[in-house]
S.K.: 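The structure under discussion is supplied below as structure tokens; questions concerning it will follow.
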Amino acid sequence: MKPGMSLMKHYLQFKDLRAEEYAYLFDRTRIIKTRFKNYERYTPLSDRTLAMIFEKASTRTRVSFEAGMYQLGGSVVHLTTGDSQLGRSEPIQDTARVISRMVDLVMIRTFEQQRIRDFAAASRVPVINGLTNEYHPCQILADIFTFIEHRGSIAGKVVAWVGDGNNMANTWLQAAEILGFTVHVSTPSGYEVDPAVAGISNTNCYKVFKNPLDACRGAHLVTTDVWTSMGYEAENEARIQAFADWCVDAEMMAVAQPDALFMHCLPAHRGEEVTAEVIDGAQSVVWDEAENRMHVQKALMEYLLLGRIG
């Protein structure tokens with residue numbers, strides 16, 4: 001552990017932080033984003049280095065973390081399995097012991113959650129989950145901030161999840177339990193959310209609907225993801241058939257609240273999980289959502305390295 005980091009935190013899943021910490025992070029995100037939009041220089045991490053480790057390819061995760069760290073004045077080291085010992089069977093704990101002696105912060109985008117847990121257990125610096133098979137906390141952080149920007153507090157609201165019971169769905173359930181809202185989940189048979197994998201103890205924070213239209217009824221936010229997540233490409237044809245009725249369309253948005261928002265973590269396949277009419281329509285905030293990945297991650301990195309500001 002580096003000097004001054006006696007209360008080192010990792011961010012491996014959404015429930016690693018408490019509700020009051022999220023309130024702080026959303027407030028910091030608003031301040032940091034406003035400074036960015038006003039071209040105000042803000043470089044609190046001028047002597048810090050972020051290592052980004054990608055075992056799964058990325059566009060938005062890489063750009064948002066790399067640009068964000070540079071904007072905060074820091075430096076970035078980019079590693080993939082192809083250009084590091086991670087691809088040559090070195091134990092991940094050994095990699096963590098070495099890398100964490102040379103940098104101040106590590107972001108990992110990988111497969112099983114256990115890999116990031118093993119890395120964090122051996123790391124001397126904070127570790128951030130950039131995506132695993134089980135969870136995607138930074139994306140939900142961005143999604144909730146985007147909702148707050150457009151509609152105010154998410155407490156007491158209804159989020160409709162239409163599609164696969166995947167890492168996004170798991171993380172939405174964790175967020176609902178912590179922040180006090182409800183998720184309406186609708187997935188095809190065989191693709192349900194497992195509350196044990198989601199890691200929640202309060203099953204009252206979500207309701208399951210066989211019909212996706214019913215899940216969207218009265219929702220304040222309708223959200224979805226690709227039908228075939230990275231690492232599951234072999235199942236693509238079977239999934240296209242199974243998910244045929246889970247395409248978010250105008251009919252689903254029409255039964256949601258009149259001012260309901262639509263979100264998608266991207267990349268999107270128009271005509272599969274969402275129609276072009278919805279994702280390119282007036283209720284869609286996917287581009288704000290994508291940009292906000294960078295802003296919430298800047299607030300998160302600042303918090304993990306410097307603690308609360310002011």
Side-chain angles (χ1 to χ4, degrees), residues 14-15 17-38 60 64 136-163 168-186 202 204-207 209 212-225 248-266 268 273-275 277-300:
F14 199 89
K15 67 179 184 180
L17 299 180
R18 304 181 307 276
E20 56 267 32
E21 291 177 287
Y22 282 113
Y24 169 79
L25 281 178
F26 294 138
D27 189 53
R28 286 302 299 167
T29 300
R30 178 183 54 79
I31 293 167
I32 288 170
K33 181 175 181 178
T34 300
R35 283 175 167 161
F36 174 79
K37 295 296 185 182
N38 291 336
R60 278 154 292 276
S64 59
H136 200 356
C138 290
Q139 182 64 56
I140 302 303
L141 194 63
D143 292 2
I144 293 172
F145 177 75
T146 304
F147 185 90
I148 292 168
E149 268 192 322
H150 286 268
R151 297 289 183 262
S153 174
I154 199 168
K157 300 297 195 296
V158 173
V159 175
W161 176 263
V162 177
M168 286 286 292
N170 291 336
T171 309
W172 269 116
L173 264 55
Q174 288 194 0
E177 184 174 46
I178 294 166
L179 300 179
F181 59 93
T182 304
V183 182
H184 286 184
V185 178
S186 183
N202 176 19
N204 293 325
C205 68
Y206 76 104
K207 298 177 183 177
F209 296 81
L213 195 67
D214 292 336
C216 295
R217 214 173 294 280
H220 301 87
L221 166 62
V222 178
T223 184
T224 189
D225 192 5
V248 177
D249 57 16
E251 184 182 10
M252 293 186 194
M253 295 303 297
V255 300
Q257 294 286 337
D259 64 346
L261 301 176
F262 173 78
M263 293 189 195
H264 189 308
C265 61
L266 305 176
E273 72 274 5
V274 61
T275 63
E277 179 184 11
V278 169
I279 194 170
D280 298 321
Q283 291 171 279
S284 174
V285 290
V286 297
W287 313 120
D288 290 345
E289 176 190 5
E291 178 188 337
N292 282 336
R293 277 287 300 278
M294 181 177 75
H295 301 304
V296 296
Q297 287 164 187
K298 286 166 74 173
L300 177 65

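As the structure is a prediction and not an experimental result, all values here were calculated from the model.
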S.K.: With sequence neighbours excluded, give me every salt bridge (charged side-chain N to carboxylate O under 4.0 Å, His left out) pair touching residues 169-181.
M.R.: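 Found none.
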S.K.: With sequence neighbours left out, what residues match T146 under side chain to side chain donor-acceptor pair (under 3.5 Å)?
M.R.: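 Per chain and number, T146 pairs via side chain to side chain donor-acceptor pair (under 3.5 Å) with N292.
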S.K.: So, Q139 versus D143: side-chain donor-acceptor pair below 3.5 Å or not?
M.R.: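 Judged by distance alone, the side chains do pair up.
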S.K.: Partners of D214 by salt bridge (Lys or Arg N to Asp or Glu O under 4.0 Å), sequence neighbours excluded?
M.R.: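 Expected list: R217.
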S.K.: Under 3.5 Å, which donor-acceptor pairs do the side chains of residues 20-27 form with other protein atoms, sequence neighbours left out?
M.R.:
residue, atom, partner, partner atom, Å
E20, OE2, R18, NE, 2.8
E21, OE1, R18, N, 2.8
E21, OE1, R18, NH1, 3.4
E21, OE2, K9, NZ, 3.0
E21, OE2, Y303, OH, 2.5
Y22, OH, Y11, OH, 2.8
Y22, OH, F14, O, 2.4
Y24, OH, I309, N, 2.7
D27, OD1, R30, NH2, 2.5

S.K.: Going by salt bridge (charged side-chain N to carboxylate O under 4.0 Å, His left out), name the pairs with one or both residues in residues 287-299, residues two or more places apart or in two chains.
M.R.: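 Matches after skipping sequence neighbours: K37-E291.
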S.K.: Ignoring hydrogens, what is the shortest heavy-atom contact between V248 and V222? Give both atom names and the distance.
M.R.: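 Smallest interatomic distance, heavy atoms only, reads CG1-CG1, 3.9 Å.
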S.K.: For T275, enumerate each residue passing the side-chain contact (heavy atoms from CB on, under 4.5 Å) test, keeping only those at least two apart in sequence or located in another chain.
M.R.: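 For T275, the residues satisfying side-chain contact (heavy atoms from CB on, under 4.5 Å) (neighbours in sequence not counted) are C247, D249, E277, V278.
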S.K.: With sequence neighbours excluded, tell me which residues meet side chain to side chain donor-acceptor pair (under 3.5 Å) with R60.
M.R.: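 Residues passing side chain to side chain donor-acceptor pair (under 3.5 Å) with R60: none at all.
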S.K.: What residues form a side-chain contact (heavy atoms from CB on, under 4.5 Å) with T29, not counting sequence neighbours?
M.R.: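 Partners of T29 under the side-chain contact (heavy atoms from CB on, under 4.5 Å) test: F145, H295, V296, A299.
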S.K.: Side chain to side chain donor-acceptor pair (under 3.5 Å) with K15: which residues, sequence neighbours excluded?
M.R.: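 K15: no side chain to side chain donor-acceptor pair (under 3.5 Å) contacts found.
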S.K.: Mind checking what makes side-chain contact (heavy atoms from CB on, under 4.5 Å) contact with A19, not counting sequence neighbours?
M.R.: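 For A19 the side-chain contact (heavy atoms from CB on, under 4.5 Å) partners, ignoring immediate neighbours, are I178, L179.
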S.K.: For residues 257-265, please give each side-chain donor-acceptor pair under 3.5 Å, one per line with the distance, not counting sequence neighbours.
M.R.:
residue, atom, partner, partner atom, Å
Q257, NE2, G218, O, 3.1
H264, ND1, L266, N, 2.8
H264, NE2, E273, OE2, 2.7

S.K.: Checking S186 now: which residues fulfil side chain to side chain donor-acceptor pair (under 3.5 Å) with it, not counting sequence neighbours?
M.R.: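 Once residues adjacent in sequence are excluded, the partners of S186 under the side chain to side chain donor-acceptor pair (under 3.5 Å) criterion are W246.
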